[in-house]
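Per chain, numbering begins at 1; letters A, B, ... match sequence-line order.
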Amino acid sequence: MEPLLERIKKGEILIADGAMGSLLMAKAKDLIKGKCPEVINLSRPDILEEVARLYLEAGADIIQTNTFGGSPLKLSDYSLEEKTEEINRTAVEAVKKVVEKKAYVSASCGPSGKMLKPYGNVDPDAMYENFLRQLRVVIEAGADIVCVETMIDIQEITLAIKAAKSISPSTPVMATMTFDKTPRGFFTMMGVNIEKAARELEAAGADIIGSNCGNGIEDMTTIAKEYKEFTSLPIIIQSNAGLPEIKDDEAVYPETPEFMAEKSKELAAVGVSIIGGCCGTTPDHIRAIGQAVRSL
Amino acid sequence: MSEEIFERAKEAIIKGDADTSAELARQGLDKGIAGIDLINKGFIPGINDVGDKFGEGQLFLPELILSANAMQGVIDIVNASMEIGEKQNQGRVILGTVEGDLHDIGKTIAVSLLKANGFEVKDLGRDVSVDRFIEEAEAFEADVIGTSSLLTTTMEVQKKLEETLKEKGLKGKYKTVIGGAPVTQRWADRIGADAYAADASDGVRKIKELVEK
């Protein structure tokens with residue numbers, strides 16, 4: 001497979017996959033309920049393969065692993081930190097087996113769920129070790145990319161990027177933060193704006209930077225434009241399908257595949273290099289986005 | 001004199017200054033100001049102001065956390081003062097954040113406000129299962145079970161509690177009140193909860209109504 005960054009350099013727009021959690025909930029609700037989505041890595045890697053296959057068939061060039069909450073600090077909320085190695089290794093192996101070099105395996109790495117001092121009680125060294133332990137496993141298991149995502153704290157995401165680069169300087173690191181729209185512009189919950197994110201993610205050694213989750217795809221065009229003002233790195237956008245509403249006890253996301261596909265053209269026009277989905281997006285969304293972007 | 005302490009208390013919470021907040025709480029109690037007045041007229045307006053500014057994007061989680069921590073310190077001081085001496089018992093309430101949900105701040109403020117209002121409260125903490133809510137309600141001889149859910153994925157536990165109470169024939173014995181960011185009156189109506197609390201002070205109001213019924 002041609003290296004990811006080479007393809008981006010040539011101007012190609014790549015398609016990443018969509019939501020993992022909602023598909024897993026649909027397929028393994030009883031296993032996950034009251035626990036974390038990563039528990040199924042231990043018992044049902046076949047489900048991970050099935051999800052990866054759905055996104056591969058939908059045309060995704062990048063498939064994420066079910067390791068978003070796979071750092072030991074996060075797993076400790078469920079008394080699973082001792083299973084860190086197994087949870088992360090199995091997830092990478094499952095996706096790798098399915099994609100067979102037809103897509104890149106991207107190891108997802110989400111927030112630790114703990115706060116750094118002084119707001120929480122975690123030391124920066126412990127946070128760094130936390131990510132080091134998870135990312136060593138996914139890189140050794142053969143992940144092509146590390147994707148540090150949904151972060152709100154610049155210090156935490158920076159530590160994760162540095163941990164990935166210390167293990168393997170040549171493995172591309174994608175780093176995304178989640179911004180909320182405020183009357184004063186876009187900020188993460190911890191108060192990081194896009195300029196600060198762009199500068200610090202780049203300085204920490206990320207290869208591709210951007211935003212995921214959020215309030216729907218329309219805001220993402222604005223976010224991408226603003227990123228472009230402050231960085232020359234490639235941009236990744238993985239939007240959710242809008243904010244969920246509760247209907248008949250289920251979370252329903254308002255944005256359709258057609259709507260997101262249309263808006264993806266705007267992202268492409270702004271110069272976004274990787275477009276994928278977050279919460280509420282499905283293989284249908286990814287298929288539609290892929291078709292729209294590739295038709296340009 | 002009270003007004004001045006209330007104003008300074010509010011400012012201390014807005015600044016997230018835990019030491020000054022605690023000092024003002026002690027000073028206020030020493031001067032004979034009722035704990036509930038200190039909380040309601042001084043510190044709560046402060047934390048509400050912080051909450052509003054957070055909503056407007058004027059300040060962010062770091063500031064909110066410092067203010068909430070300062071608030072918690074104050075509430076501990078006021079609660080400790082109220083647990084000594086004669087209690088006017090309004091009713092017995094158990095509160096907890098539902099299983100799968102690790103958020104704590106909103107529920108903790110509700111616990112404090114209820115205590116400040118003369119309720120006997122047992123705080124079950126977070127990640128509480130339906131079975132445990134019921135066991136604890138039995139053991140504590142609670143009048144009201146309050147559940148908080150901050151996630152759309154854990155709201156179902158509130159529904160399961162209603163179902164389990166019905167199955168066990170306990171539905172009338174304990175009144176239920178539900179709260180949390182994604183929770184609405186509609187959700188309460190749908191699952192058959194006895195009341196919905198929009199925030200901590202609304203929770204106090206609703207629980208007072210429930211125990212008077």
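Within a 6.0 Å sphere centred on NZ of A:K114, heavy atoms belonging to other residues, nucleotides or ligands number more than 12. At most 12 heavy atoms of other shown residues, nucleotides or ligands fall within 6.0 angstrom of atom CD in A:E82. Applying the 6.0 Å contact sphere to NZ of A:K225 captures no more than 12 heavy atoms from other residues, nucleotides or ligands. Shown here is B:E138, whose CD atom has more than 12 heavy atoms of other residues, nucleotides or ligands within 6.0 Å. In the displayed structure, B:K206 atom NZ is contacted under 6.0 Å by more than 12 heavy atoms of other residues, nucleotides or ligands.
With rounding to the nearest 0.5 Å, the separation of CG in B:L64 from CE in A:M189 is 10.0 Å. The line from CG of B:D127 to OH of A:Y78 is 7.5 Å long, rounded to the nearest 0.5 Å. To the nearest 0.5 Å, atom CD1 of residue A:I152 and atom CZ of residue B:F60 are 11.5 Å apart. Between B:E63 atom CD and A:Y119 atom OH the span is 6.5 Å, to the nearest 0.5 Å.
Closest of all the heavy-atom pairs between A:R184 and B:G57 is NH1-O, 2.6 Å.
Taking 4.5 Å as the limit, some side-chain heavy atom of B:L61 sits within range of a side-chain heavy atom of A:M115.
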